[in-house]
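Structure below; questions to follow.
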Amino acid sequence: MSEDLYRAVTDFARDTPAWVHAFTGTGTDAGLLVFGVLFVAAWWRVRPADGRAVALALLAPVATVFGYAVSETLKSLVDEERPCRAVVGAAASIAPCPPYGDWSFPSNHSAIAGASAMALALAWRRIAWLTAPLAVVMASSRVFVGVHYPHDVAAGLVVGALAVAVFVRLLTGPAERLVEAARTGRPGALRRLVGPGPRPAPAVAVPRQRDRRTAELLEGAAGPAPVPRRTAPKRGRHRIP
């Protein structure tokens with residue numbers, strides 16, 4: 001089934017204009033550049049935020065590298081031949097077919113795309129609407145140019161995303177503690193990297209409840225204050241003229 005879908009996609013790709021070939025040939029690398037810019041933007045926006053937000057932003061590119069490493073390990077274990085050599089009757093690939101030994105499953109480009117999208121979604125949820133479709137388009141382009149099966153890119157997306165999810169879940173706590181420690185340390189490059197953190201809340205004057213309670217106790221021990229006695233006015237004799 002994957003071979004039939006591969007033939008259908010590559011046959012369609014061959015009939016598209018030359019500018020489409022050029023765009024899809026460079027689209028994957030351009031997409032990786034976009035993800036790199038988004039990593040920097042995600043880090044910059046959370047520098048005044050709490051330690052957890054900064055930790056997630058700093059872990060995002062590291063987790064993506066981990067996702068790529070997991071994909072590369074699987075690729076060396078599976079040893080699946082590239083479809084541009086293995087599928088009989090398929091149209092010639094738009095991109096040059098990688099040399100023998102550069103295996104097909106899973107797609108490393110797709111794994112990096114899936115890992116980047118997941119890492120950015122964890123660090124900056126509001127741009128998931130951009131990163132998720134971008135990852136899918138980048139992965140699909142590898143089938144379009146003829147160097148991967150559809151199941152290669154699907155597996156790459158899943159492997160990259162899952163690897164990042166596990167990596168971030170395990171390391172967010174330690175990374176957050178490192179961020180907080182760096183913020184309280186000496187000024188330097190590391191402190192500038194983690195950012196200043198949130199501003200402290202302004203001090204609010206709180207009434208001294210203890211003094212008020214002490215005054216009440218003293219007043220109770222002394223007894224109620226004496227009430228001044230009213231004296232009736234003296235009656236004087238009035239002369240009758």
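Everything numeric here is computed off the predicted structure, so don't read it as measured data. Sequential numbering from 1 along the given sequence is applied to the chain's residues. Keep in mind that the numbers below use all heavy atoms, side chains included, and drop hydrogens, waters and symmetry copies.
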| query | Less than 4.0 Å between a side-chain N and a carboxylate O, is that true for D11 and R14? | reply | no
| field | Closest heavy-atom pair and its distance - P106, L74 | value | CD-CB, 3.8 Å
| said: Count I, L, V, M, F, W, Y as connected when their side-chain heavy atoms are under 4.5 Å apart, and connections chain through other members. Are V179 and W43 then in the same cluster? | reply: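 Yes: a chain of side-chain contacts under 4.5 Å links V179 to W43.
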| query | Does one hydrophobic cluster hold both V20 and I94, with members joined at side-chain heavy-atom distances below 4.5 Å? | reply | yes
| field | Value rounded to 0.5 Å, distance of SG in C97 from CZ in R82 | value | 7.0 Å
| said: I'd like to know whether H109 forms a side chain to side chain contact (heavy atoms under 4.5 Å, CB included) with D29, so could you lay out the CA-CA distance, the side-chain angles of the two residues, the decisive distance to 0.1 Å, and finally the verdict. | reply: CA-CA 9 Å; H109 283 86; D29 295 333; 4.0 Å; yes
| Does the side chain of P98 reach to within under 4.5 Å of the side chain of V147, using non-hydrogen atoms? |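 SC-SC contact between P98 and V147 confirmed.
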| task | Hey, could you give me the CG/CD1 distance between L157 and I112, rounded to the nearest 0.5 Å? | result | 11.5 Å
| request: Indicate yes or no for a side-chain donor-acceptor contact from E180 to the backbone of G51 under 3.5 Å, with no hydrogens or angles considered. | output: yes
| said: If hydrophobic clusters are built by linking Ile, Leu, Val, Met, Phe, Trp and Tyr wherever their side-chain heavy atoms come under 4.5 Å apart, do F23 and L33 end up in the same one? | reply: no
| task | Using atom types as modelled and distance alone, determine if a side-chain donor or acceptor of R142 lies under 3.5 Å from a backbone N or O of P150. | result | no
| request: Could you tell me whether the side chain of S71 and the main chain of G67 form a donor-acceptor pair under 3.5 Å? | output: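 No, because the side chain of S71 does not come within donor-acceptor range (under 3.5 Å) of the backbone of G67.
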| task | If a pair satisfies side chain to side chain donor-acceptor pair (under 3.5 Å) and one of its residues is in residues 151-163, list it, with sequence neighbours excluded. | result | S2-H151, E80-H151, S104-D152, H148-D152
| query | Which atoms form the tightest heavy-atom contact between A128 and P133, and what is the distance? | reply |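 In this case the closest contact between A128 and P133 is O-CD, 3.8 Å.
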| field | Connected via hydrophobic side-chain network under 4.5 Å: V34 and V137 | value | no
| request: Starting from the C-alpha separation in whole Å, work towards a yes-or-no answer on side chain to side chain contact (heavy atoms under 4.5 Å, CB included) for L38 and L130. | output: CA-CA 10 Å; L38 290 176; L130 171 63; 4.2 Å; yes
| request: Work out which heavy atom in S116 is nearest to a heavy atom in T64; give both atom names and the distance. | output: OG-CG2, 3.3 Å
Side-chain polar contacts of residues 53-63 - donor-acceptor pairs under 3.5 angstrom, sequence neighbours left out - could you list them?
none

| Short question: side chain of Y6, backbone of G146 - any donor-acceptor pair under 3.5 Å? |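 Yes, because the side chain of Y6 sits within donor-acceptor range (under 3.5 Å) of the backbone of G146.
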| Separation of L77 CG from K75 NZ (nearest 0.5 Å) | 11.5 Å
| message | Test your reading of the model: is there a side-chain donor-acceptor pair from H21 to the backbone of T16, 3.5 Å cut-off? | response | yes
| task | Side-chain contact test, heavy atoms from C-beta onward, threshold under 4.5 Å: evaluate it for F66 versus V166 and give yes or no. | result |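 No; the side chains remain at least 4.5 Å from each other.
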| field | Test item: V78 and W103 side chains (from C-beta on) under 4.5 Å apart, heavy atoms | value | no
| query | Say you draw a straight line from CZ of R125 to OG1 of T131; how long is it, rounded to the nearest 0.5 Å? | reply |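 The distance works out to 12.5 Å.
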| task | Would you please test S107 and Y149 for side chain to side chain contact (heavy atoms under 4.5 Å, CB included) and show each step? | result | CA-CA 9 Å; S107 165; Y149 291 104; over 6 Å; no
| Residues that A42 engages under side-chain contact (heavy atoms from CB on, under 4.5 Å), provided they are two or more places apart | L120, W124
| field | Under 3.5 Å: donor-acceptor pair, side chain of R52, backbone of G173 | value | no
| task | Answer yes if F39 and W129 sit in the same cluster of Ile, Leu, Val, Met, Phe, Trp and Tyr residues linked by side chain heavy atoms under 4.5 Å apart, and no otherwise. | result | yes
| field | Separation between OG1 of T172 and CG of L122, rounded to the nearest 0.5 Å | value |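 Answer for the OG1-CG pair, T172 versus L122, is 8.0 Å.
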| Tell me, do M138 and L32 make a side-chain contact under 4.5 Å, heavy atoms counted? |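 With C-beta onward as the side chain, the pair touches.
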| message | Show the nearest heavy-atom pair for residues F35 and A117, with the distance to one decimal. | response | CE2-N, 4.1 Å
